[in-house]
Amino acid sequence: MFRSREDSLLRKMLRNFVETEMIPVEKKRMANGKVPQEISTTLRSKLFAEGYLGNGIGDLESLSAYSSLTVYEELHRSLLGFLGAGVVDGAEPMNLVSSDWSSDTLKEGVYPVTNVTWCETIPVENGVVVSGSFSAIGDENCQWYWIDSKQVLINRSSPGVRVLTREGIGILDVSEVHLDKVHGQKINSNKDLNNEKNPQLVFMYLQLAAGAVGSSLRAIEEAVEFTKTRVTFGKPLSDRQAIQWKLADASVTVQGARLSLFESAVSLEQDPSNENLQAIAKLSAADAVQVAISIFDDIIQIFGGKGYSQYFWIEEAFRNLLGYQAILNSSEVYKAVGERIKHQKKLFSNLAEIK
């Protein structure tokens, strides 16, 4: 179901692109912390020219579901493949929300907020006054925050906005944003960012989760090679049963999560409006990211002090995955699907509809 000559060729070409074009740049970036804009633009242009990125994140038309997830899985073998790192624009998810904001606003960077602690709005002439506190994903290029539950757009430069970026979160900066009577723009959106009836958004979750899996696979492969050369107490780590079990468990677990993602993607491609399939896809994505975070936690310990070094890609990838966890809002996904099961008594009212 998942294997074809074309898909194998696609994976081979992407793997070569990542190893020759992206990882060398990743290593240079880690020395000064930034990727020059011209390099990011060049990499994106090459990927779009080859058709690897289709029409962007959440695309359900130009690439098959399997091929699209393969692309994101392979690109995430490099830090540059993470959302907002240069290859995939961090503002692209906002293109999935149909609204009347301008293209210039999108170019300036619009990022959805997550984990709203509290938020109050007061309607005023030409907008709304907002006070509240929430978390947001996005780097210093983020100029706008989108509060989906209130349908309000906030300019980061507005008086009363206080942003506290958590140090060391990596490419996917996570900031605490506090608003004190900030004037915002009321936007009439035709799609709810968290509405599971938006198949493109659900497919974006699958793509990001596939990326988490791809990053985990690279981490496991490098850990295996590391244990062969790292000697402790006269024996390589690879000879120690506890390490063998840890790596074996990681390999099995990540492959299970991977197969679940691809199964969900193919099923969703066949019936994008099926809410049951969308619920399953969300669960698969949330599970895959949780699995990736757990695997990275173990891999970092295997590498010892090196694993915690800020100049080692695994440490930064781990922190970026925490950003993905915030984007998917895993705990809310589990609660939402749980409520769905509770009201329907069973997730599939008709098993035949997902065949």
For His76 and Gly211 the tightest heavy-atom approach is CB-O, 3.0 Å
Could you check Arg77 against Met22 for side chain to side chain contact (heavy atoms under 4.5 Å, CB included), going step by step and ending with a plain yes or no?
-> CA-CA 9 Å; Arg77 284 178 169 265; Met22 294 173 64; over 6 Å; no
d(Ile280 CD1, Asp287 CG) to nearest 0.5 Å is 12.0 Å
Donor-acceptor under 3.5 Å (Ser216 side chain, Ala212 main chain) = yes
Between Arg218 and Glu26, does at least one N-O distance fall below 4.0 Å, as a salt bridge requires?
-> yes
Drop me the distance from Asn276's CG to Asp271's CG, to the nearest 0.5 angstrom.
-> 9.5 Å
All heavy atoms of Ala288 vs all of Leu261, minimum pair found to be CB-CD1, 3.7 Å
Which residues pass the side chain to side chain contact (heavy atoms under 4.5 Å, CB included) test with Glu120, sequence neighbours left out?
-> Trp118
May I have the step-by-step check of side chain to side chain contact (heavy atoms under 4.5 Å, CB included) for Val213 and Ser215, ending in yes or no?
-> CA-CA 5 Å; Val213 166; Ser215 189; over 6 Å; no
Closest approach of Ala223 and Ile299, non-hydrogen atoms and distance?
-> CB-CD1, 3.7 Å
Separation between CD (Glu222) and CD1 (Ile302), nearest 0.5 Å, reads 12.5 Å
Report the residues that fulfil salt bridge (Lys or Arg N to Asp or Glu O under 4.0 Å) with Glu125, sequence neighbours left out, ordered by chain and then residue number.
-> none
Any chance you could measure Phe134, atom CZ, to Thr117, atom OG1, to the nearest 0.5 Å?
-> 9.5 Å
Quick check: does any side chain N or O of Arg258 sit under 3.5 Å from a backbone N or O of Leu217, one acting as donor and the other as acceptor?
-> no
Test item: Lys181 side-chain N/O and Pro159 main-chain N/O as donor-acceptor pair under 3.5 Å | no
Given side chains that start at C-beta, do those of Glu316 and Phe82 come closer than 4.5 Å, heavy atoms only?
-> no
Look only at the side chain of Gln301 and the backbone of Asp297, and say whether a donor-acceptor pair between them is shorter than 3.5 Å.
-> yes
Step by step, work out the side-chain hydrogen bond (donor to acceptor under 3.5 Å, both in side chains) result for Glu269 and Ser64.
-> CA-CA 8 Å; Glu269 180 182 43; Ser64 70; 5.1 Å; no
Would you sort out whether His178 and Leu164 count as a side chain to side chain contact (heavy atoms under 4.5 Å, CB included), showing the intermediate values?
-> CA-CA 8 Å; His178 303 277; Leu164 304 175; 4.2 Å; yes
Before giving the answer on side chain to side chain contact (heavy atoms under 4.5 Å, CB included), spell out for Ile23 and Trp313 the whole-Å C-alpha distance, their side-chain angles and the decisive distance to 0.1 Å.
-> CA-CA 10 Å; Ile23 291 181; Trp313 80 271; over 6 Å; no
Test item: Ser251 side-chain N/O and Leu247 main-chain N/O as donor-acceptor pair under 3.5 Å = yes
In Å and rounded to the nearest 0.5 Å, what is the CZ to CG distance from Phe296 to Leu321?
-> 5.5 Å
Output yes when a side-chain donor or acceptor of Gln207 lies under 3.5 Å from a complementary backbone atom of Tyr72, and no otherwise.
-> no
Look only at the side chain of Gln185 and the backbone of Ile154, and say whether a donor-acceptor pair between them is shorter than 3.5 Å.
-> no
Whether Ser45 side chain and Thr41 backbone form a donor-acceptor pair below 3.5 Å = yes
Among Leu153, Asn155, Val163, Val130, the one residue meeting side-chain contact (heavy atoms from CB on, under 4.5 Å) with Tyr145 = Val163
Over all heavy atoms of both residues, which pair between Val128 and Ile122 is shortest? Give the atoms and the distance, please.
-> CG2-O, 3.4 Å
Nearest heavy-atom contact between Ser158 and Val182 is CB-CG1, 3.8 Å
Donor-acceptor pair, side chain of Thr227 and main chain of Val224, under 3.5 angstrom | yes
Nearest atoms (heavy-atom pairs only) where Val18 meets Leu75 | CG2-CA, 4.0 Å
